A.B. asks: 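So that we are looking at the same thing, I have put the structure below in structure tokens.
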Amino acid sequence: MTDQPTDELLFSQDEAGIARIVLNRPQARNALTFAMYEGLVTLCERIAADPAAKVLVITGAGDRAFAAGTDIAQFREVRTADDALAYERFMDKVLRTLERLRVPTIASIAGACTGGGAAIAAACDLRVATADARLGFPIARTLGNCLSVANLGRLANLVGPARVKDMIFTARLLGAEEALAIGLVGEVVADAQALRERTDALAGLVAGHAPLTLRATKEGLRRLAEGAADPDDDLILSCYLSADFREGMEAFLAKRPPVWTGR
């Protein structure tokens, strides 16, 4: 399956259930337009509705950038209070859609990963970066805008409030090794070729695991990060009363690999 809502956002899904979205504006270091953000939401909704989908990989076209933020030209339309608030609400919708997607998400990061691009990467479940990757939110020396409280919360849950302040107050971009040390990325590989290989291997590994376990873990951690007081009975029962749980037990006792169905 390879259809996509825009040529600037490429989509494919293979027989193993690995979906891929490529941010495809290499001439602009994959800076995101509003249409690309909307397309990302549309594709996530499609993946959520497809029982064959097991994992989503997001990457940027070329080796120079994952995504260099929102295309600056888009901000010319922000003139009023309503415009400003609408933009941040829109961004929150995009990132919330990624966070709540039922399948695990992997950001495959080469080169620049800044602003809105860094926000997308931070909203993914796993992040792998090349050694030359640079990540951050340099808005204090570029646009002079700010992140919403929801966005600050996402980053603070990932790396802690002190490091969020450091990134934004200094407006510097973090190198891959520093990003690894603070938990902004989970792995660093040598170059773009190694990134493709490692991302493919990681996506294949995740796609082969029990989907209900992954879904319950992702949703449980999301609720915890948001301070939600929701009971977790639904998550527990979704796993323990599933056919997959019975299959896992029988497969373990029979010393054979389990066949997961997500049911």
Side-chain angles (χ1 to χ4, degrees), residues 1-4 10-22 40-59 95-109 120-129 157-158 180 183 185-189 193-226 228 230-263:
M1 182 165 51
T2 58
D3 54 315
Q4 58 267 336
L10 306 181
F11 176 73
S12 63
Q13 185 171 309
D14 65 20
E15 293 181 354
I18 300 172
R20 291 178 172 84
I21 296 175
V22 180
L40 184 60
V41 170
T42 298
L43 289 173
C44 284
E45 291 171 346
R46 182 186 304 178
I47 292 165
D50 181 0
K54 302 291 181 59
V55 62
L56 168 63
V57 174
I58 302 177
T59 191
L95 300 175
R96 190 171 62 249
T97 299
L98 263 178
E99 287 176 327
R100 292 173 179 250
L101 187 61
R102 65 170 182 80
V103 303
T105 52
I106 302 172
S108 183
I109 304 163
I120 287 172
C124 289
D125 300 309
L126 302 171
R127 286 160 295 281
V128 184
N157 285 331
L158 191 60
L180 177 65
V185 301
E187 295 184 50
V188 174
V189 296
Q193 179 59 35
L195 179 66
R196 286 186 284 271
E197 292 172 357
R198 177 54 187 151
T199 301
D200 287 349
L202 183 59
L205 177 68
V206 172
H209 288 161
L212 296 178
T213 298
L214 305 184
R215 191 183 311 172
T217 301
K218 177 171 178 170
E219 174 61 14
L221 288 171
R222 185 195 66 77
R223 293 180 190 179
L224 187 64
E226 292 184 357
D230 298 342
D232 61 357
D233 293 6
D234 61 323
L235 303 181
I236 293 170
L237 296 179
S238 72
C239 292
Y240 279 88
L241 299 185
S242 69
D244 273 359
F245 180 59
R246 298 296 162 187
E247 165 65 9
M249 285 191 294
E250 295 302 324
F252 184 85
L253 293 172
K255 295 182 172 56
R256 62 171 175 80
V259 178
W260 309 116
T261 64
R263 298 192 296 273

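Remember, it's a predicted structure, so these values are computed and weren't measured experimentally.
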A.B. asks: Exactly one of I58, T97, L95 should register a side-chain contact (heavy atoms from CB on, under 4.5 Å) with L40. Which one does?
C.D. replies: I58
A.B. asks: Just do the salt bridge (Lys or Arg N to Asp or Glu O under 4.0 Å) check on R96 and E99 with the steps written out, would you?
C.D. replies: CA-CA 5 Å; R96 190 171 62 249; E99 287 176 327; over 6 Å; no
A.B. asks: To the nearest 0.5 Å, what is the distance between CG (L212) and OG1 (T217)?
C.D. replies: 10.5 Å
A.B. asks: At their closest point, which heavy atom of C124 faces which heavy atom of T105, and how far apart are they?
C.D. replies: CA-OG1, 3.2 Å
A.B. asks: Considering all heavy atoms of both residues, which atom of A207 and which atom of I18 are nearest to each other, and what is their separation?
C.D. replies: CB-CG1, 4.1 Å
A.B. asks: Working note: K218 + R102, criterion side chain to side chain contact (heavy atoms under 4.5 Å, CB included); need CA distance, chi angles, decisive distance, verdict.
C.D. replies: CA-CA 8 Å; K218 177 171 178 170; R102 65 170 182 80; over 6 Å; no
A.B. asks: Who pairs with R246 by salt bridge (charged side-chain N to carboxylate O under 4.0 Å, His left out), at least two apart in sequence or on another chain?
C.D. replies: none
A.B. asks: Nearest 0.5 Å please: distance from the CG atom of L126 over to the OG atom of S108.
C.D. replies: 11.5 Å
A.B. asks: Closest heavy-atom contact between P211 and W260?
C.D. replies: CD-CB, 3.7 Å
A.B. asks: Specify the closest pair of heavy atoms between D50 and Q13, including all atoms of both residues, with the distance to one decimal.
C.D. replies: OD2-NE2, 3.0 Å
A.B. asks: So how far is it from R223 CZ to L235 CG, rounded to the nearest 0.5 Å?
C.D. replies: 4.0 Å
A.B. asks: Is T59 reaching over with its side chain to a backbone N or O of V22, donor-acceptor style, under 3.5 angstrom?
C.D. replies: no
A.B. asks: With a 3.5 Å distance limit and no angle check, can you tell me whether E247 reaches the backbone of V259 through a side-chain donor-acceptor pair?
C.D. replies: yes
A.B. asks: In Å and rounded to the nearest 0.5 Å, what is the CG to CD1 distance from L98 to I21?
C.D. replies: 7.5 Å
A.B. asks: Considering non-hydrogen atoms only, spot the tightest contact between A203 and V57 and give its length.
C.D. replies: CB-CG2, 3.8 Å
A.B. asks: Could you check whether any side-chain heavy atom of H209 comes within less than 4.5 Å of a side-chain heavy atom of K54, counting everything from C-beta outward?
C.D. replies: no
A.B. asks: Nearest 0.5 Å please: distance from the CD1 atom of I106 over to the CZ atom of R20.
C.D. replies: 9.0 Å
A.B. asks: Taking everything shown except R263 itself, do over 12 heavy atoms lie less than 6.0 Å from its CZ?
C.D. replies: no
A.B. asks: So how far is it from C239 SG to L214 CG, rounded to the nearest 0.5 Å?
C.D. replies: 9.0 Å
A.B. asks: Is the backbone of L237 close enough, under 3.5 Å, to the side chain of D234 for a donor and an acceptor to pair up by distance?
C.D. replies: no
A.B. asks: What's the shortest heavy-atom distance between P104 and V206, and which atoms?
C.D. replies: CG-CG1, 3.7 Å
